[in-house]
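Let me begin by presenting the structure, written as structure tokens, before commenting on it.
Just so it is clear: chains get the letters A, B, ... in the order the sequence lines come, proteins before strands, and each one is counted from 1.
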Amino acid sequence: MTVRVRFAPSPTGYLHVGGVRTALYNWLFARHHGGTAVLRIEDTDTEREAEGAVDQIQRSLDWLGLEFDESPRTGGAHGPYLQSERAERYAAAVARLVDEGHAYRCFQTAEELEAARARARHTDDPAAPTRLHRDLTQEQIARFESEGRPAVIRFRTPLEGETVIEDDVRGRIAFEHRLLGDTVLMRPGGRPTYQLANPLDDMAMEITHVIRGEDLLPSTPRQKLLVEALGGTFPTTAHLSMILGTDKKRLSKRHGAASVEEFRAQGYVPEALVNFLALCGWSWDGETEIMSLEELIERFTLERVNPAPAVFDHQKLAWMNGAYLRALDADAYAAGLRRHLAEDGSPLADDPRLPALVPMVQEKLGAFGEFDALVGSLLEERAPEPDAWAKLAGDDNAARVLDAAIAALEPLEPFDAEQVEAALRGVCEQLELKPRQAFGPIRIAIAGSTVAAGLYESIAFLGRDAALVRLRHARSAVTG
RNA sequence: GGCGCAUUCGUCUAGGGGCCUAGGACGCCGCCCUCUCACGGCGGUAGCACGGGUUCGAAUCCCGUAUGCGCUACCA
């Protein structure tokens, strides 16, 4: 059997990390088995749909490097892949279900339903309100119709027995039919609900494995019943745990960055995000952490997916991103940095001196977004940090250190990092100061900050004239 | 309330009856390296939710409790 999986987000906004992990596991599973990955957009609830969300989801998946074989963009034999374009299929299925007695019209108003639910809530049959119109007489139907009451279509769930799900992540789970209730399949206007559209499309698209969030586990027996009523075979399921914030609540905007776009904007690389998310609920041997996409494909199995929820650890992601950045070769690093600065709208993006800075920053940055704060002041004139400047003014050695540094650097030839180092070490000896004492004022003068890239390299990068201008400017700010 | 899922260091996890004196990673702490910050190296801190069983033996199997989360929509 050829594996076919799908990632089926609803276009309600940016793709968040929970969705990415679901997409990733689906994709890895498909690639591991040489199967097909389908991207289907579940836009049956037009009211919740966000403008541009479909494009956004596609863009995010592209950036992550998760290419789906069939999607709204690529098309395919099982399309269309937008549920909003599949209306007639849902209508046909519903007509058949009603014909065969598997579904029926329910005329209850929202108020009636709500009142019934309130009454039934603490009884031993809390699902009873959903099946009140399950056996209407012709007379009752005629009366509701003459009143012009709108009807929804409900599925006729068996009253007895149970449905068993054999989940690849969680094992055997049984659900009592009596507690399921009669699911609404279609709204009055003919718009399908998720409970209809989702399993129907999985059937039509010949999906073999449904890998999705645990939040959908309770609706699984309903969908299985529906598929079987239609004569189909329900796919194997694998329900993934939720990704939580540090407060153990489902991850959301409140917890800080949670969407692909935010991580991208901060200068994270997709490989790191993918690697990290792969490890959020799955592991290879419990030891190996850094894995390429190829290795993940090779090693991923549902068997090793952890059923317990996972707290999203920003710090570990940040560490991993830094590890990925450090592993980049200089050209790739420069290219990635340039791309980040350009997307950020930074004027530094086009600076031809960027490659020269790479060796100075590569082991220091956890994300490209930190670049500007570290060395932006070397590329353009910046006001020094007030705290650093104050520290300079309060340093008793500042005046003589700066004087000596200026004297030592002025005649230096050639003006490279090696020579700068020799000169500055000479300054230390001459003044009988330790490097950590003497270099403080010089660093502030050069970088405008107490935290910066390497001092010798920074000075060499600036060149003699610019470096001297900065040192003299700092000298004028201190007395003595 | 009902139904369902889950429960190993602060966090992600390894572990599927004896190999566990519970391993790895992030974080944190200390030391080393060092021009700041990082990187790197070395060391340390810290965990099987609780209670019953089953067994010669349980982190591992069973039951219960507690806690957390999800669902209980004409959202998905």
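- Checking the phosphate oxygens (OP1, OP2) of B:C74, a side-chain nitrogen or oxygen of A:Arg154 falls inside 4.0 Å.
- For A:Gln315 and B:G10, the CD to C1' distance is 10 Å, given to the nearest whole Å.
- The shortest distance between the side-chain N/O atoms of A:Arg250 and the OP1/OP2 oxygens of B:C71 is below 4.0 Å.
- Looking at A:Arg134, its side chain never comes within 3.5 Å of a backbone N or O of A:Tyr104 through a donor-acceptor pair.
- Within the 4.0 angstrom heavy-atom criterion, base atoms lie near A:Pro188.
- A:Tyr456 comes within 4.0 angstrom of a base, heavy atoms only.
- With both pairing distances under 3.5 Å, B:C71 is matched to B:G2 as a Watson-Crick or G-U wobble pair.
- Residue A:Arg117 has a polar side-chain atom (N or O) positioned under 4.0 Å from OP1 or OP2 of B:A73.
- Among the protein residues, A:Arg212 comes within range of no part of the nucleic acid, since none of its heavy atoms lies under 4.0 Å from any strand.
- For the pair A:Glu214 and A:Arg170, the salt-bridge criterion is met [side-chain N within less than 4.0 Å of a carboxylate O].
- In this structure, the CG atom of A:Leu317 is 18 Å from the P atom of B:A25, given to the nearest Å.
- Looking at heavy-atom distances under 4.0 Å, A:Arg178 makes no contact with the nucleic acid at all.
- If you take CG of A:Leu240 and P of B:A6, they are 13 Å apart, rounded to a whole angstrom.
- No engagement by A:Asn198 is indicated, since no non-hydrogen atom pair under 4.0 Å with the nucleic acid exists.
- Considering only side-chain N and O atoms, A:Thr246 lies nowhere under 4.0 angstrom from the phosphate OP1 or OP2 of B:G10.
- Applying the 4.0 Å criterion to OP1 and OP2 of B:U8, one finds that A:Asn306 has every side-chain N and O outside that range.
- Nucleic acid contact class of A:Leu455 (heavy atoms, under 4.0 Å, all strands): base.
- If you check every strand for non-hydrogen atoms under 4.0 Å, A:Gly454 touches a base.
- The aromatic ring centres of A:Tyr25 and A:Phe300 sit less than 6.0 Å apart.
- Residue A:Lys249 has no polar side-chain atom (N or O) positioned under 4.0 Å from OP1 or OP2 of B:G68.
- Rounded to whole Å, the distance from CD on A:Gln362 to P on B:G40 is 12 Å.
- Straight-line distance from the CD atom of A:Glu176 to the P atom of B:G2: 13 Å, rounded to whole Å.
- Among the atoms of the strands shown, base atoms are found under 4.0 Å from some heavy atom of A:Thr450.
- Residue A:Arg191 is out of contact with every strand shown, counting any heavy-atom pair closer than 4.0 Å.
- B:G51 and B:C63 make up a base pair, with Watson-Crick or G-U wobble contacts both under 3.5 Å.
- A donor and an acceptor atom sit less than 3.5 Å apart, one in the side chain of A:Lys364 and one in the base of B:C37.
- Heavy atoms of A:Leu216 sit under 4.0 angstrom from at least one base atom.
- Remark: P of B:G2 and CG of A:Leu180 are 18 Å apart, rounded to the nearest angstrom.
- Here the side chain of A:Arg326 is nearest to one of B:G4, B:C71, B:G40, namely B:G40.
- With rounding to whole Å, A:Met360 atom CE is found 17 Å from B:C37 atom P.
- Of the side-chain N and O atoms in A:Ser241, none sit less than 4.0 angstrom from OP1 or OP2 of B:A6.
- For B:C33, the OP1/OP2 oxygens have no side-chain nitrogen or oxygen of A:Arg436 closer than 4.0 Å.
- Contacts of A:Glu214 with the nucleic acid, taken as non-hydrogen atoms under 4.0 Å apart, include base atoms.
- Across all strands shown, A:Arg121 has heavy atoms under 4.0 Å from base atoms, whether or not it also approaches the sugar-phosphate.
- Residue-level contact check: A:Ala308 touches the backbone only, with heavy atoms under 4.0 Å from sugar-phosphate atoms and none from bases.
- A:Arg222 comes within 4.0 angstrom of nothing in the nucleic acid, heavy atoms only.
- Contact annotation: A:Arg425 reaches the phosphate of B:C35 (side-chain N/O to OP1 or OP2, under 4.0 Å).
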